[in-house]
Amino acid sequence: MTVRVRIAPSPTGNLHIGTARTALFNWLFARHHGGEFILRMEDTDRERSRPEFAENIISGLKWLGLDWDIGPIWQTQRLHRYQEVIAQLLAQGFAYRSYETEEELEAMRAAQEAQKLAPRYNNQHRHLTSEQEAAFQAQGRKPVIRFKIDDEREIVWHDLIRGEMRWRGADLGGDMVIARADGQPLYNFAVVVDDVDMQITHVIRGEDHLANTAKQILIYEALGAPMPAFAHTPLILNSEGRKLSKRDGVTSISEFRQMGYVAPALVNYMALLGWSPPEGKELLTLPEMVPLFSLERVNKAGSKFDWDKLNWINSHYLHQMSPAQLVAELVPFWQEAGYAVEPERDQPWLEQVAALIGPSLVTLKDGVALARFYMTEQVSYDDEATAQLQQPQSQEILRQFLATSDPQRVEEAQALVQTVMQTCGVKKVQVMKTLRAALMGTLQGPDLLQSWLILARRGFVQPRLQAALSLTQA
RNA sequence: GCCCCCAUCGUCUAGUGGUCUAGGACACCUCCCUUUCACGGAGGUAACAGGGAUUCGAAUUCCCUUGGGGGUACCA
């Protein structure tokens, strides 16, 4: 039997990292088994679903490299199908019409709460006579459809991650609503109809769905449909150990992207949140993970999201990139920062910059601050740099450099430093520090000689030496 | 309240009764490289929640306690 899995996001928000991780596990599972991966949009919540969220989810999955074989399928386009199944369940006696008003249900819950009982529907409309129904209808009440849940029933399944799971029907909250009065199907019902119709073989989702699975199994049975295998993954937790939610700051894939995280790093990190590769090799690309992935190696405990590790992985992928690749990734960030970069014209020069700052990058965004020194003619001088320029020999050192032409190659730069050292009779460190202060405005940063060459090609060396000279003391 | 799940270094984890004086990775600390900051390299600190039981033997099995989490909708 061909493996078929799906990711079923609800377009009520941007692509969340938890959803993305579930998508990743499903994708890996499908690819590992040579199966199919389906994208299905669960947009039955008309009030909260929005097209821009759907767009965000789709582009996010694409960016991550989690391509799907079928879809996107939209639940709202399958309404007639849900209606059909509801009619069937009604006819077979698995479901019935329930006429309570919101207020009545709230009162029921309040009463139960007052008695310290678990809130649940008391199934009071399960056996309405046709006269009673007619009476409610005469009052203008519109019924929701409820699916019968037998209190005595015990639901058992073998979870691929958690082992044997058991639920009592009585703990499921009474007969559940599967469709609103206007015919809109509800999640637990629509999911099953879809998964059955799409012949889903494995349902891999977060453990927050555990109770839903018990309810859904009952619907599979009523439908006489084959049961898929279930696998409930651990949740991604925030630093407090709670389920990561939008309130925890950055959680959507598009935000990570804007912050300068690259897709291979994000995907690699997400995989490590709950799954561990057999050989212990942690740095893996999507294709490398495919043959290694299995649900057996997915952990049961939730995992806290750790920025340090994500940063390390991201920097790893950034450090691996060629200068040309880096430029391609960096340009959008540079342009957004307002730097006048023109890839066509400046490519070789931009690659020099990228090669120089590459090892210092943790995120692409870091490239904005790190490249600033090379992008504008003037720099500001920090306290340390100013102090260095006010050293006794600094003025003479700068005059020497101003008297020569800018170096074109490293060897020339080295030779110039040597010459200035000897002429001024100072140590190399002094020359280097002074030159760095003058050129960069700070005493820390990438390789000085390389920086010098890069600035020279832009014609920024002389103006900066002049500016620095004015800060020196005779 | 009720139901369910989970529990190894600060964090992510390896570990499926003996090879565990518990391994790796991130972070942290030290050292090396070096004109600085990074990068890179070499070391180091650091964990089986507690209590019972089973067993010749338990991080690994069972029970209880504790702690944490999830769910409990006419959301998904």
Side-chain angles (χ1 to χ4, degrees), chain A residues 8-13 19 42-45 47-49 75 98 100-102 105 109 112-113 115-121 142-146 159 162 165-168 170-173 176-182 184-188 190-191 205-212 214 232 234-235 237 239-243 269 272-283 296-297 299-313 315 319 357-362 366 370 384 388 417 427-437 440 442-449:
Chain A
S10 164
T12 52
T19 309
E42 311 232 320
D43 56 344
T44 52
D45 186 341
E47 292 186 5
R48 298 192 302 148
S49 294
Q75 284 192 324
S98 181
E100 291 87 356
T101 60
E102 291 276 4
L105 290 174
R109 276 191 284 270
Q112 287 160 341
E113 206 170 317
Q115 294 176 66
K116 297 211 167 196
L117 292 171
R120 72 194 310 275
Y121 176 62
K142 299 280 188 231
V144 298
I145 308 300
R146 282 186 188 271
D159 194 281
R162 271 148 224 284
M165 301 289 305
R166 309 184 90 92
W167 285 78
R168 279 182 300 278
D171 294 326
L172 260 21
M176 65 168 156
V177 177
I178 57 174
R180 290 174 161 146
D182 63 2
Q184 283 288 314
L186 260 24
Y187 171 74
N188 278 123
V191 171
R205 61 189 8 166
E207 69 168 318
D208 47 346
H209 282 281
L210 243 17
N212 288 333
H232 291 89
L235 265 20
L237 278 17
S239 54
E240 267 80 56
R242 294 174 193 282
K243 180 165 98 166
Y269 179 63
L272 262 21
L273 246 27
W275 174 71
S276 61
E279 301 297 323
K281 187 189 171 218
E282 295 192 317
L283 265 3
E296 280 152 38
R297 295 194 66 84
N299 214 66
K300 286 197 275 247
S303 33
K304 286 187 190 169
F305 184 89
D306 180 17
W307 285 99
D308 282 333
K309 187 123 184 185
L310 204 216
N311 283 337
W312 175 72
I313 291 178
S315 59
H319 298 346
I357 66 172
S360 303
L361 296 175
V362 173
D366 294 340
L370 287 166
E384 265 191 327
Q388 177 61 33
V417 171
K427 289 185 176 177
K428 188 183 178 190
V429 186
Q430 280 308 311
V431 178
M432 295 299 274
K433 282 177 81 172
T434 303
L435 184 58
R436 180 179 287 282
M440 309 299 281
T442 174
L443 258 29
Q444 308 178 344
D447 185 88
L448 179 56
L449 300 185

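Throughout, a chain's letter reflects where its sequence line sits, starting with A, and its residues are numbered from 1.
- Residue A:R297 is in sugar-phosphate contact alone, with no base atom involved, counting any heavy-atom pair closer than 4.0 Å across all strands shown.
- With a 3.5 Å ceiling on both atom-pair distances, the Watson-Crick or G-U wobble partner of B:C31 is B:G41.
- Between A:V191 and A:R205, some side-chain heavy-atom pair lies under the 4.5 Å cut-off.
- Taking atom C1' in both B:U66 and B:G17, one finds a spacing of 26 Å when rounded to whole Å.
- Remark: B:C48 base-pairs with no nucleotide in the shown strands. Criterion, Watson-Crick or G-U wobble with two distances under 3.5 Å.
- Counting all heavy atoms, side chain and backbone alike, A:P11 lies closest to A:D43 at CG-CB, 3.8 Å.
- Atoms CG (A:L117) and C1' (B:C3) sit 14 Å apart, rounded to a whole Å.
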With B for base contact, S for sugar-phosphate-only contact and - for none (protein heavy atoms under 4.0 Å), nucleotides 60-76 of chain B reads ---------SSSS-BBB
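- As a whole-Å value, the separation of A:Y269 OH from B:U11 P is 12 Å.
- Pairing of B:U60, defined by two Watson-Crick or G-U wobble distances under 3.5 Å, is not identified with any nucleotide.
- Listed by chain and residue number, A:W275, A:S276, A:P278, A:S294 satisfy the side-chain contact (heavy atoms from CB on, under 4.5 Å) test with A:R297 (two or more places apart in sequence, or in another chain).
- For the pair A:K281 NZ and B:C26 C1', the computed distance is 17 Å after rounding to whole Å.
- Counting any heavy atom pair closer than 4.0 Å across all strands shown, A:G274 reaches sugar-phosphate atoms only and no base atom.
- Under the rule for a side-chain hydrogen bond (donor to acceptor under 3.5 Å, both in side chains), the partners of A:R168 that lie at least two apart in sequence or sit in another chain are A:D171.
- Residues forming a salt bridge (charged side-chain N to carboxylate O under 4.0 Å, His left out) with A:D45 (at least two apart in sequence, or on another chain): A:R48.
- Side chain of A:D208 to backbone of A:L235: no donor-acceptor contact under 3.5 angstrom is found.
- Side chains of A:H232 and A:M165 form no contact here, defined as non-hydrogen atoms less than 4.5 Å apart.
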Got a list of side-chain donor-acceptor pairs under 3.5 Å for residues 300-311 of chain A, not counting sequence neighbours?
| unit_1 | atom_1 | unit_2 | atom_2 | d |
| --- | --- | --- | --- | --- |
| A:D306 | OD1 | A:D308 | N | 3.2 |
| A:K309 | NZ | A:E282 | OE1 | 3.0 |
| A:K309 | NZ | A:E282 | OE2 | 3.3 |
| A:N311 | OD1 | A:Y261 | OH | 2.5 |
| A:N311 | ND2 | A:W307 | O | 3.2 |

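- Atom CG of A:L272 is separated from atom P of B:A14 by 10 Å (rounded to the nearest Å).
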How does protein contact run along nucleotides 35-48 of chain B, one letter per nucleotide 5' to 3', with B for base contact, S for sugar-phosphate only, - for none, heavy atoms under 4.0 Å?
BBBSS---------
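- Rounded to a whole angstrom, the distance from the P atom of B:A14 to that of B:A53 is 30 Å.
- The side-chain contact (heavy atoms from CB on, under 4.5 Å) test applied to A:L186 returns A:V177, A:R180, not counting sequence neighbours.
- Not counting sequence neighbours, A:D447 has no partner by the salt bridge (charged side-chain N to carboxylate O under 4.0 Å, His left out) test.
- Contact check, A:N299 against B:U8: no side-chain N or O comes under 4.0 Å of OP1 or OP2.
- Remark: A:T12 pairs with A:S10 by the side-chain hydrogen bond (donor to acceptor under 3.5 Å, both in side chains) rule, at least two apart or across chains.
- As a whole-Å value, the separation of A:K304 NZ from B:C12 C1' is 11 Å.
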Identify each atom pair where a protein N or O and an N or O of nucleotides 21-24 of chain B are less than 3.5 Å apart, giving names and distance.
| unit_1 | atom_1 | unit_2 | atom_2 | d |
| --- | --- | --- | --- | --- |
| B:G24 | N2 | A:E282 | OE2 | 3.2 |

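- For B:G67, the paired base is B:C6 (Watson-Crick or G-U wobble, both distances below 3.5 Å).
- Applying the salt bridge (charged side-chain N to carboxylate O under 4.0 Å, His left out) criterion to A:R120, with sequence neighbours excluded, gives A:D151.
- Remark: A:K428 engages A:V417, A:M421, A:M432 in a side-chain contact (heavy atoms from CB on, under 4.5 Å) (not counting sequence neighbours).
- The distance between atom CG of A:N311 and atom P of B:C12, rounded to the nearest whole Å, is 16 Å.
- Nucleotide B:U55 has no partner under the Watson-Crick or G-U criteria, as no pair reaches both atom distances under 3.5 Å.
- We find that CZ of A:R168 is positioned 7 Å from P of B:C3, with the value rounded to whole Å.
- No contact: A:M440 has no heavy atom under 4.0 Å from any strand.
- The C1' atoms of B:U13 and B:A7 are separated by 14 Å, rounded to the nearest whole Å.
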